[in-house]
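What's counted below: heavy atoms across the whole structure, side chains too, no hydrogens, waters or symmetry copies.
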Amino acid sequence: MNLSLKLELPSDPELLRVIRSAVKEFAAVTGFSEDDCRSITVAVDEALTNIIRHAYQNRHGEPIDLVCRRCDEGLEFILTDRGQPVDPAKLHGRPLADVRPGGLGMHIIQKIMDQVEYGQVPEGNRLRLMKYWKIRQEGKS
Amino acid sequence: MNLSLKLELPSDPELLRVIRSAVKEFAAVTGFSEDDCRSITVAVDEALTNIIRHAYQNRHGEPIDLVCRRCDEGLEFILTDRGQPVDPAKLHGRPLADVRPGGLGMHIIQKIMDQVEYGQVPEGNRLRLMKYWKIRQEGKS
Amino acid sequence: MKTSTRQVGDATIVDVVGQIDLHSSSDLRKVLQETLRGKTAARVVVNLGRVDYIDSSGVAALVEGLKTSMGLKIRFVLCGLGPAVKELLKLTQLLSVFQVCESEEQALRA
Amino acid sequence: MKTSTRQVGDATIVDVVGQIDLHSSSDLRKVLQETLRGKTAARVVVNLGRVDYIDSSGVAALVEGLKTSMGLKIRFVLCGLGPAVKELLKLTQLLSVFQVCESEEQALRA
Ligand SMILES: Nc1ncnc2c1ncn2[C@@H]1O[C@H](COP(=O)(O)OP(=O)(O)O)[C@@H](O)[C@H]1O
Ligand SMILES: Nc1ncnc2c1ncn2[C@@H]1O[C@H](COP(=O)(O)OP(=O)(O)O)[C@@H](O)[C@H]1O
């Protein structure tokens, strides 16, 4: 059955742990394992961190919307911001073999989530993250 | 410094633990002690439970807004619903000496919070809960 | 929240794990009523040692259990109360209404 | 997140407690850089036993610490990794880049 929760937060790193705890519990309520809940939380956190750092260039107090939704296929997260749009050429992060600080967020998000889509909507930039139920996930590989 | 977070949730008891974890972390971020965080969480949970049970008469999927706000005086929670308005005559709960199930929510909210105000706004019913910083709280007694 | 029951001598122990709130308290209520009314245990011990949250609807389920137990002359004992449970029972002035023991062993002897 | 440092023989131990994220990782970065550059410890052990969350900015602070330590020829060892830390280092293929020990005792000898 569908279930959704919307969070409206400012781009303030202080709030990240509040959002993480909500995301983790939401994933638990929808039936994901403890390991999955933990990694889903990391992916959403990294996405929020990127919005704060890149879309808003570390400006605090700017609006971010996060919708968490349980649907038939799995768990969906939609993040919307009004900051600078993503530059698709930069989105890939660094090669993992090149060990240096930074450039890891996109790798983490992409490894954990089954779908990662950036887009533009009238409200601003939209990032959609999707995690399938385990059954689907196994079927896909 | 002001900090606020808005949650838009359906009147579904399944989500209460998600909201509790967010409220608890929000109270922790704003600097309340572990004991205070725990009791503040109980008060907000009881307020949400009352909205689900009384304002929406246990109908799920109805809208509830919860705004958590750190302000100069302390921590403020504003809950808005579009259900049945409160009947002030019924709001007091039962005498505690009369031991029977139910009738405890209002007592709990009022003992934990420093201000509890019911009101009507164009969007529906509004409940405002306020918890002062400890310093203010001690000053008030 | 999850519940399970065990038999120890003439007592039935109800183990409760997790968070008791509006979503789960009706299950707790049902388990307590069934345990009290179903078998004729001389004593029902509710082990709350692994409960990290309880709200007023959970407290209501416990109060209802207590009332039923008194009607049936069954001992009804709570044990293992963590800070969350203890505080809410204090706040609602119900801590002294229940028979409360620290450990399950004490609850079986109390 | 909170950090503190202790001296054990020729090693400096950095204890980290709590969640490392965008809000706190700059503090971790600063502490690690100051510890490495300030005193001339032969070995810096980062005890992550009480860290229950780390994100990529926290990992970046650790990578930067490792780089600095190599330049200064100081041993840089992580210990006490819980599941959250271990998983993120695995996911980013950095678990083998660091010297990692189970316990602090092992990290002091490694
Ligand atoms: N939400 C976003 N808005 C704008 N640009 C982004 C966003 N997320 C990622 N990017 C771009 O993608 C690059 C790679 O991101 P990431 O892998 O997280 O590493 P890092 O953030 O450390 O650079 C960023 O440097 C940035 O240019
Ligand atoms: N949000 C609300 N909307 C409408 N009525 C309410 C609301 N909250 C409380 N009430 C009224 O106040 C009464 C006392 O509430 P409470 O002390 O929580 O006990 P209980 O909910 O168990 O009856 C309720 O029975 C109800 O009539």
request  = Under 4.5 Å, counting heavy-atom pairs only, tell me which of D/Val97, D/Val59, D/Asp21 racks up the most with chain A.
outcome  = D/Asp21
ask   = What residues of residues 11-22 of chain A sit under 4.5 Å from chain D when you count only heavy atoms?
value = A/Pro13, A/Glu14, A/Leu16, A/Arg17, A/Arg20
ask   = What is the distance from atom CG of D/Leu88 to atom CG of A/Leu104, rounded to the nearest 0.5 Å?
value = 8.0 Å
query = Would one find more than 12 heavy atoms of other residues, nucleotides or ligands at under 6.0 Å from atom NZ of D/Lys86?
reply = no
ask   = Within a reach of under 6.0 Å around NZ of D/Lys30, are more than 12 heavy atoms found that belong to other residues, nucleotides or ligands?
value = no
Side chain to side chain, A/His107 and D/Thr92, heavy atoms closer than 4.5 Å = no
Part of A/Leu48 lying under 4.5 Å from any heavy atom of chain D = neither
key: Residues, nucleotides or ligands: over 12 heavy atoms within 6.0 Å of D/Gln106 CD   = yes
task = Any chance you could measure A/Ile112, atom CD1, to D/Glu87, atom CD, to the nearest 0.5 Å?
result = 8.5 Å
note = Applying a strict 4.5 Å limit to non-hydrogen atoms, the region of D/Leu62 in contact with chain A is neither
query = Of all the residues in residues 37-47 of chain A, which have a heavy atom that comes within less than 4.5 Å of a heavy atom in chain D?
reply = A/Arg38, A/Thr41, A/Val42, A/Asp45, A/Glu46
inquiry  = Using a 4.5 angstrom heavy-atom cutoff, name the option from D/Ser57, D/Ser24, D/Pro83, D/Ser56 with the most pairs to chain A.
reply    = D/Ser56
key: D/Arg50 CZ: over 12 foreign heavy atoms closer than 6.0 Å   = no
ask   = Should we count CD of A/Glu34 as having more than 12 external heavy atoms under 6.0 Å?
value = no
